[in-house]
Structures are given as C-alpha cells and as structure tokens.
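Notes follow the structure.
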Amino acid sequence: MIPEKLLNPARKVEALLRQHKINLTQGGEPTLVPIQPEGAEWSITAVGPTKLLYAYAFSEMMTATRLPGSAIFYSPGKSYPGETNPRWVLHVLTRKDGQPLLQLPEHAQPVTSAAFAKLRSALGALLKVESRWIRGQSADAQVWVLPLDHDGKKFVSADWKRKSLTLLTLDAPAGLRLPLNEVPEGLSRRALTLELKEGSIAIFFPPLLQESFLALLAIFQKLLNSLDISQVRFQGYVPSDEAGVWSKLGVASDPGVLEINIPPCSTWEEYASWMDAIEECGRAAGLRSIKVAGEAELGTGGGNHICFGGPTLDKNAFFTHPGWVTSILRFWQHHPSLSYLFTGSYVGSSSQAPRTDESARSLYDLEMAYQYLESLGRGDHRQIINETLRHLHIDGSGNTHRSEISFDKFWNTGFPGGDCGILEFRAVETLPSAEWTSAVGLLWRALAAALLAKPFHQPLRDFSGQLHDRYFLPSFLWQDLESVFTHLSRQGIRLPLETFRQIWEWRFPVLLETQVGTATVTIRKGLESWPLLCEQPLEGGSTSRFVDTSIERIEITADAPVTVQVQGRKLPLSPFPSNLHGAGLRFRRTALYPSLHPGIPPQLPLELGVTKGQKKLLFQLQAGQSRFLGPLPKAIHSPGRECRRAAPSDVTFDLRLP
C-alpha cells in the first residue's frame, strides 16, 4: 500500500505536470536476487542453472496475482563478448483493454505423447497451411518443426524438402537450435517448433508482425483448450507493440541479478504500484532486493535505473523542450547527493554511472553545449539534442550507456532501441523496501516537474577536489540532499524527510557509536572511487579489466571536540555539517591480486583511540568484521605523527601515506 505521506506530494507533482501540459512517462529496472544467492550467476555472470527457474517463478506469480490473463514468452537476448551463452528475457504480456490475452485450463496434468501428437495434427488445419512437419533430432525431447511465415494475408509454410533436422547442440530452446543454413536458398527460414519434454510443451514462435503474432496466439488458445492441455510454455520473438495492444513486463538475465523492466508509467502512483507488486511477487518466488554479507545488508549489486520519456515519440516533451533537458542536467551536476546517495557501493569515474564531470570532459565543453541548447527556439530538436549531448554524456572510454544520465536511448537511430526519447538515470540502486524505492522515484519525478516549472540556469559548478573528498562522506551528502529538499519546498512540494533519512542511515551504516566523556562519537561507512586496472590475461586467451576494491573509506564525527588517533597517529578533525567535528579516513582493507600498490599490506586490525579530557577509549576494526569492537582494555599513548591527506583542503586522510 502506498503511504499517504508519499501520495500527497505525488499528487502535487502530477498537478504541476498537467499545468504545463506534459505527459511524462516513468520506467524502472529494479533487480532481485534469491534469499540465498549461490554461484557465479548471482555474483558476476548473466545466466546460470537456477536463474531461469526463479524468473519463471516470479513471472508466474505475477500472472496469478497481479496480471491475470497474461502470456509469458521466453525470448532470446543479447550475446556479449566473453559470455558463453546468450542472455534471455521473459516477457509478461498483458492486454491494455483488460481482456485476457491467454487463458489455459487450470489443472497441472503432464502432457502425454498422444496429446502432443493430437496438437501437432490439429494445428495445420487451424493454420490453414499444408502439413510440412519436420522431425527435429534431439537427445532429450520430442521436437517437431513447421516452416511458418505470414504473407500479410494468411499463414504460409515453405517446403524445406526435409523429413528431419539434427538440432544444434546448445543450451537453448529448440527454436534457437535449428540448422537454418541447411534450408534451401530462396525459402523463408522462419519456423514454428513444438518441443515435448518432461510432460510440458514448449511452443516457439518465429518472427512475426504483431497482428500475425496475436492471430497465432489465438489459434493456440483455442487448440490447447479444446485438447485440455495446460502445461505449456511459450517462447520466441515478441514483436513491438505497433497497435498499442499490450503492456510488457520484462524479467531479464543480467550479471548477478534478475532485472525487472516495468512498462512505462504515466503517473508516479502507477510506478509505485509496480514496485509493490514486484516486492510481493518476488518474496513469494524466494527473491528479494538485498544481499546479506555477514552482519552487513547490501543492495543486489544490480541497478534500478529510472527512465523518463513520453507516451509516444510525437508526444515526447523532451524533443521540444531542450531547456528542460539542460535544466535537469545542470541541477544534477550541482548536487552530488543525487549521484552518490542512492546508488551502489561503487562510485566514481570507473563506475557504472560516472557523473559528467568524472568522465574526462571539461566543464567548458559541457557549458557550451548546454548554452547552445538553451538558445534554441520552438520546434522538434531531438536530433540536435542527441548529437550535442551524446559525445559528452559518456564514461571515460566513450561508452554512451555507462553515464550517470545516459542519452543512449534518446535518439541514436543507428542502434537498435536507441530512438526511444528516453533520459536514463543510472545512479540508482534497488533498495530493501518498495516504499523506499518508490520514494526515490518520486524525488526524481518531483525534481523533473520542478525544473520544468522553474528552469535551473546556474553555471556548472567546479567542485575540484571536493567531489571525491567531502561528497564521499555521509554528512556532506545529507547536507546536500537537504538543499535539494529546500529547492522543492519552495515550489510547494514537500517530501517526507524522515523516509530519506532512513535510506541514508541504511546506505551508510554505523560502524561504531559510543560516548566518550560528554562527546558522542560516530563512525559510518563512506564511499570510495575504486580504480580500474589494466588488462589481465584470462584462461582461453581473452583478457579482462579488474577493479581494485582494496581501499575503504569511513567517516568519523563527534558532537564535541575530541582527540582521535588511528594506528597511533593523530587524526585532525575539521568543522562538519550539523555542528559536528569530523574527518574521513581511507585505509587498505585487503590486498587481493591484482591491485594498486601491492607493496602496501592491509591495515587491519585498525586501532582507533578517542580521548575526551581524562576519558580515553580504544576500539578495533578486525578483518572480516563490519563493526568496531571495544572499548578494549589497552592503554592509549600520546599520538605520534599526524595522518596525511592528499591536499591541504581535504577533510579525508589517507592512512597509506607515511
């Protein structure tokens, strides 16, 4: 259920968008993992032995509880260099008019060979094509192949002049294992396949236009009900929704996670309802949006990108409002909390979502580009917006997809799916609860509406060294987020600050909180920009690039002056937000191969001494522990030399510096 504290500001946001005659669609890509994620498929690889089973369990729970009458289609996905098998996606298709797209008998009886034979013999008559079935030679299933296409008026079947085909040896549906190179030249190579395995039938659709696809699905609906067959899974190619018939939920294989792609939502309430449904159905399928490592609770490691666009390309307001686009880009650049507070533990220039000022592009180039777009008059400017920004919103290697605000799907007509008019915000991770995830989605939408109503024109901000110093620490990020909320409140949009404080507390967990005399000392986990290393040879002759995750950053704050020492070295404290005294500290936690500075050993256990007057306490962070232990019964001596920092203006000290 959506709480009232979010509904009230959401309604103000929608009213503001209506006032400016803007229909802004919002999409999302939350990610899920099993309660006990095991194996490479739940850490680094996209596919594995259990991921598809979980995907079906989630999708079937969706159709049973939230999307009755839907059809689930397994479709082939992309192949990436270095990945043995292609990825896949389950499409859950639901009619927009509320009518069922597919309804099968409810019993769960296994399909017999006799019933399978009846289905095959009856199908040709319903399709009104000549029966040209070809037996597929497969070691573990009965497979039949029917060449099938549509000529715009009717289904047709080409004569492949074969009685049997030996399927390719791949870990894939029969429809993807056809030796199409053996089909005679000049004939259509599209085919329908039926596969009987372990009492269930897999039906693979060839590539068809939407009208033909729906006609074929209706034929199977009639035939399966007449034969009382319910154990069926549909596979194949799902066409684009040219006629606006269905909404599509995607459940996709992605490295380490299941990625859920929701349909575009016309309001935030619709978006929040999807987040609730995903949480509920995920829980029922044994999935959740967090990982647990010891005592620490972490995100899934996958993203939850937020996508803004329009209901159609002709009604996409970004194309005709280039100043709105630059207003958003300028505001996000001014507020590091939007870049770092809601993303994963990996931030910075080599992360999956680097800021524009982290990607080896000068503020001069960005400012020139934004000013040019702001000078444009009325009209459809999609082409020039894209050409102006796509070379700037990239990562350090020139990748347009890996950018905090990506134009990869805006108007890149040379790439499949690149012409959708979408602004994609990638620095967002799935959070432990649907309410928190929805709250972040509302913050993004509220800012988009506010920046439309009152454009943000301030010049880009040169953070210099502060970006990877202060803004990698929790206190400064919270201070920045408060300024974002102040900006919204000036336009009458007041989001529940306590909800975002809870997210902040979870994002930056307490490692130590203790009383030393009259001072309360708190240590929280901070952020770190882990560097990308050079190419490393792998078995088989390929190469890979690793990230050095050996460095960790913490924030130490006190609400009264105290003396702090680390490993016997004095750690000076500086003025911090909220009248605190604080410092950041970087130290080496591990020394895995490969990593930078291999000669510097791990700096654990980390000994922290705090003195306030006559009160002296010692704490210790040990390897494998997520919290400091103590106080320990050990004397604290006068501190030796001071800890060092990279620059005099920094508030973060690096324990690796001698």
Side-chain angles (χ1 to χ4, degrees), residues 13 24 26-28 303-309 317-318 321-344 347-349 351-359 361-363 365-367 369-371 373-374 385 388-390 392-395 400-410 422-429 439-463 466-468 470-472 476-488 490-491 493 495 500 503 527 529:
V13 169
L24 180 68
Q26 182 169 351
N304 180 24
H305 309 153
I306 295 175
C307 299
F308 286 143
F318 290 135
H321 293 70
W324 184 23
V325 175
T326 60
S327 180
I328 291 171
L329 300 180
R330 287 182 182 278
F331 191 85
W332 250 257
Q333 193 272 340
H334 269 252
H335 292 285
S337 60
L338 300 175
S339 307
Y340 298 148
L341 207 159
F342 304 105
T343 189
V347 297
S349 56
S351 72
Q352 292 287 325
R355 289 164 50 95
T356 52
D357 47 12
E358 291 175 325
S359 300
R361 296 292 181 179
S362 70
L363 294 182
D365 275 324
L366 289 168
E367 189 67 63
Y370 296 171
Q371 287 182 11
L373 293 178
E374 289 158 355
I385 293 173
T388 300
L389 297 177
R390 73 185 181 100
L392 297 171
H393 284 259
I394 54 177
D395 74 353
T400 59
H401 184 61
R402 285 173 42 155
S403 176
E404 180 197 5
I405 303 178
S406 171
F407 286 81
D408 191 48
K409 303 170 186 173
F410 191 77
I422 288 175
L423 280 186
E424 183 177 33
F425 297 81
R426 292 174 46 81
V428 189
E429 187 176 43
V440 175
L442 178 57
L443 172 60
W444 256 239
R445 191 173 183 87
L447 285 171
L451 294 168
L452 169 70
K454 188 176 181 181
F456 186 79
H457 293 308
Q458 291 187 29
L460 297 175
R461 184 177 172 186
D462 185 358
F463 286 96
Q466 291 187 9
L467 189 61
H468 289 181
R470 285 168 167 76
Y471 293 105
F472 277 6
F476 289 93
L477 287 176
W478 180 254
Q479 181 186 51
D480 182 65
L481 186 66
E482 285 185 315
S483 71
V484 171
F485 276 66
T486 299
H487 182 91
L488 287 173
R490 292 193 186 112
Q491 297 195 46
I493 302 172
L495 299 177
F500 290 86
I503 297 173
L527 297 176
S529 179

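The first residue in the sequence is number 1, and the count goes up from there.
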Query - Candidates I394, L329, T326, I405 - the one meeting side chain to side chain contact (heavy atoms under 4.5 Å, CB included) with L389 - result: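 The side chain to side chain contact (heavy atoms under 4.5 Å, CB included) with L389 is passed solely by L329 among I394, L329, T326, I405.
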Query raised in the report: Per the side chain to side chain contact (heavy atoms under 4.5 Å, CB included) rule, which among V484, L481, L527, V440 passes with L341?
Result: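 Only one of V484, L481, L527, V440 forms a side chain to side chain contact (heavy atoms under 4.5 Å, CB included) with L341, namely L481.
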Do side-chain atoms of [X] reach the backbone of [Y] as a donor and acceptor pair under 3.5 angstrom?
X	Y	value
Q26	G441	yes
S406	T400	yes
S327	G323	no

Would you check if [X] and [Y] make a side-chain contact, meaning some heavy-atom pair closer than 4.5 Å?
X	Y	result
F318	L24	yes
F331	H487	yes
F308	I422	no
F463	Q333	yes
F500	E482	no
I328	L447	no
H321	V325	no

Grab the two heavy atoms, one from [X] and one from [Y], that are nearest each other, plus how far apart they are.
X	Y	value
W332	E404	CD1-OE2, 3.4 Å
R355	S339	NH1-OG, 2.9 Å
S529	G348	OG-CA, 3.4 Å
L467	Y471	O-CB, 3.4 Å
F456	R330	O-CD, 3.4 Å
V347	G344	CG1-O, 3.9 Å

From [X] [atom1] over to [Y] [atom2], what is the distance, rounded to the nearest 0.5 angstrom?
X	Y	atom1	atom2	result
Y370	D365	OH	CG	10.5 Å
S483	W478	OG	CH2	11.0 Å
E367	D462	CD	CG	11.5 Å
D395	T356	CG	OG1	12.5 Å
H457	L451	NE2	CG	10.5 Å
L452	W324	CG	CH2	5.0 Å

Query raised in the report: Does the pair F425 and F342 meet the rule for a side-chain contact (heavy atoms from CB on, under 4.5 Å), with working shown?
Result: CA-CA 11 Å; F425 297 81; F342 304 105; over 6 Å; no
